[in-house]
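Residues: numbered from 1 along the sequence shown. The structure displayed is predicted, hence computed values, not measured ones.
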Amino acid sequence: MSKGKRIFRPWAPEWLTRLTIFLVLLPTVMLFALSTANVGAATGFYGVEPADIQFSMLLYYAALASFTPLERRFFSRVSTKEYFLICLVLQVLISYACYHTRMLPVLFACRFLQGVVNCGVTSICLTLLFGGLKSEHAREIGYTLFYTMILCSASLTSLVTAPLVDNYEYNVLYKMIIYTFVPGAILLLLLMNKVHLVRRVPLYQLDWASFFLYSPILILFAYVVTYGQQYYWLQDESIVWSIVAIIFLMIVFVTRQLTRKRPFIHQEVFLSRAFLFGIFLIGMLYLIRGAFSITTTYFSTVLGMDPINLYELLIYNILGILIGAVIAGRLIIKKRPMQFIWLAGFFLLLLFHGGMYFLFASEADMRTFIVPLLLQGMGAGMVFTPILLFTISSVPEGISQSAAAVGVFIRFAFFGISTALLNYFSLFYSKIHGMRLSDHISPTDYGLQERLNLYQSSLAARGMQPDLAAKAATGLLDKALQKQAFLRYAMDYYEMVVILILGLMLLIIMAPFINRIIIDVKAKQPAAATF
């Protein structure tokens, strides 16, 4: 940082600078979940499959993960104010292009570029945030705030965008992002002085070759986990060749890192047992966190909640995340045993998934799910920040940026794997349970005929012609069977998640080295928060 010069102008009060940083971070975090805020509306607007929308989000994630090792070099070369202005202009232009296009390839390219630019904006905001927090535990507080925003991003984005999607075309969300981004960004530019927040390093020997090896690996991985189920995995040539390309590029990439003096990602990070344990827990946490989408799907498809009511219910989940994050941050500052914090958080997640196993039903009251959603949020909030701070603290300062890059990759990879698992088990269990339910239905079944008569009489009472009501009754019966098959799938998947959580809790208890890692992120660069 430039010596003797303030980051912000003397007349700017501290509360205004913090509020401004938050106003810039909020739309930046929301960009991640924007493409999947309402998958149904997105598929209708672009005329594509749901898998295409999932792929666009993973492209954004892939860009974030692949550009992280390079971003710090650009941040250190340009003054922070100029760097932020460049990122601001690029973010607005790319979002404007997303607003105007209906072409899927253009959307894919724009989403990837948004992920690249997001690295810069996030790094600036976190550096400013840490610079403004003067307490002894500034970085712990800063990381907790940022990770909490990440956890809340999907629910918060859906909550904010639901009224817009309900009243306007889907692409208006990108215009909303521009309007949300610009006021805070302009205010931040007015408050900042022209300073370098980190030591200036010339832009030489940038390892672009490694970037152009690494980013295709992540893009191809995203393609495989997104479209693999749809194309029957190894039965499709594009999936097979994508896997072959991933393996080949990975071998070339790792070989290049081992032979370079200044590698893109230092492989020494994998020598730390604590680091490996930390990224393993990050991956498992993302598998558990991904299962939460089954609950939201249950609310919309089985209980028939409209998007606005659904996302209003998710406010309780956001509240739980905030409570859990505050408790976790407080326990970390008090230097409570990490095993205790993790076990408490995973126990809350265990209560949520175990409770939902018994709450999945074809009819239910909204108020029934308030406590479970609070528990899920508290559990996620209590384990997310401590696991990431533990992982950051488990490597030497010199390779913390490489650890950050690996952390982003693990997040990206297991987010994609979670999506693939959900797609696979959704079809697998739905097919099994659908066939089992169909086997118990026959034309001579009295209960079947009674249910059809009930549907037919209900439709006729609403004015439908008797012959049309008879046909529609069969459709309603089929829909009821699909709901029952989904409920059985949801229960089976949550049963597997419960077993996974129990296994993780047992593993945490049996790993005594956890408490020997001292949480120390004072010397770590803020870019590590891109975990």
To check you understand the geometry: which heavy-atom pair defines the closest contact between [X] and [Y], and what is its length?
X: S418; Y: G290; answer: OG-CA, 3.3 Å
X: G354; Y: V498; answer: N-CG2, 3.8 Å
X: A185; Y: L88; answer: CB-CD1, 3.4 Å
X: P386; Y: M338; answer: CB-SD, 3.5 Å
X: W233; Y: V224; answer: CZ3-O, 3.6 Å
X: S402; Y: V269; answer: CB-CG1, 4.0 Å

After noting the C-alpha distance and the side-chain angles of F181 and V121, does the key distance pass the side chain to side chain contact (heavy atoms under 4.5 Å, CB included) rule?
-> CA-CA 11 Å; F181 202 138; V121 178; 4.1 Å; yes

Inspect the surroundings of CZ in F108 and state if more than 12 heavy atoms from other residues, nucleotides or ligands are less than 6.0 Å away.
->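 For F108, atom CZ is crowded (more than 12 foreign heavy atoms under 6.0 Å).
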
Other residues, nucleotides, ligands: >12 heavy atoms within 6.0 Å of Y174 OH = yes

Is [X] reaching over with its side chain to a backbone N or O of [Y], donor-acceptor style, under 3.5 angstrom?
X: Q114; Y: Y60; result: no
X: T301; Y: T297; result: yes
X: T226; Y: Y223; result: no
X: S123; Y: G120; result: no
X: T122; Y: C119; result: no
X: S66; Y: S215; result: no
X: S426; Y: N423; result: no
X: N317; Y: L373; result: yes
X: Q267; Y: I265; result: yes
X: S155; Y: C152; result: no

Distance from [X] atom [atom1] to [Y] atom [atom2], nearest 0.5 Å?
X: T180; Y: L23; atom1: OG1; atom2: CG; value: 10.0 Å
X: I279; Y: I410; atom1: CD1; atom2: CD1; value: 4.5 Å
X: S300; Y: M305; atom1: OG; atom2: CE; value: 9.0 Å
X: L314; Y: N309; atom1: CG; atom2: CG; value: 11.0 Å
X: T68; Y: N118; atom1: OG1; atom2: CG; value: 9.0 Å
X: I323; Y: L375; atom1: CD1; atom2: CG; value: 10.0 Å

Hey, are the side chains of [X] and [Y] touching, using non-hydrogen atoms and a 4.5 Å cut-off?
X: F352; Y: P372; value: yes
X: V225; Y: T419; value: no
X: L285; Y: L349; value: yes
X: T43; Y: V39; value: yes
X: I282; Y: F414; value: no
X: F32; Y: L64; value: no
X: F22; Y: M149; value: yes
X: Y170; Y: L164; value: no

Mind running ring-ring contact (aromatic ring centres under 6.0 Å, His included) on Y316 and F369 for me, showing each step along the way?
-> CA-CA 9 Å; Y316 296 101; F369 303 101; over 10 Å; no

Would you please indicate yes or no on a ring centroid separation below 6.0 angstrom for W342 and F390?
-> yes

Run the ring-centre check on F425 versus Y489 and record whether the distance is less than 6.0 Å.
-> no

With sequence neighbours left out, write down each residue that passes side chain to side chain contact (heavy atoms under 4.5 Å, CB included) with A291, or none if nothing qualifies.
-> H353, Y493, Y494, V497

Given the rule in the side chain to side chain contact (heavy atoms under 4.5 Å, CB included) test, do S362 and K483 qualify, once you have shown the distances and angles that lead to the verdict?
-> CA-CA 7 Å; S362 56; K483 284 185 178 181; 5.6 Å; no

Start with the C-alpha distance between F360 and Y298, add both sets of side-chain angles, then the distance that settles ring-ring contact (aromatic ring centres under 6.0 Å, His included), and finish with yes or no.
-> CA-CA 8 Å; F360 283 125; Y298 163 71; 5.0 Å; yes

Only one of F412, Y61, Y227 forms a ring-ring contact (aromatic ring centres under 6.0 Å, His included) with F221, so which one is it?
-> F412

Give the intermediate values and the outcome of side chain to side chain contact (heavy atoms under 4.5 Å, CB included) for residues R367 and I370.
-> CA-CA 5 Å; R367 289 173 293 183; I370 292 177; 4.3 Å; yes

Hey, does the Lys NZ or Arg CZ of R336 hover above the aromatic six-ring of F340, less than 6.0 Å from the centre and inside 45° of the axis?
->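 Here R336 fails the 6.0 Å and 45° test against F340.
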
State which residue, out of L507, I508, I501, fulfils the side chain to side chain contact (heavy atoms under 4.5 Å, CB included) condition with M505.
->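 Considering L507, I508, I501, a side chain to side chain contact (heavy atoms under 4.5 Å, CB included) with M505 is found only for I501.
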
Does the pair T28 and C125 meet the rule for a side chain to side chain contact (heavy atoms under 4.5 Å, CB included), with working shown?
-> CA-CA 10 Å; T28 303; C125 289; 5.6 Å; no

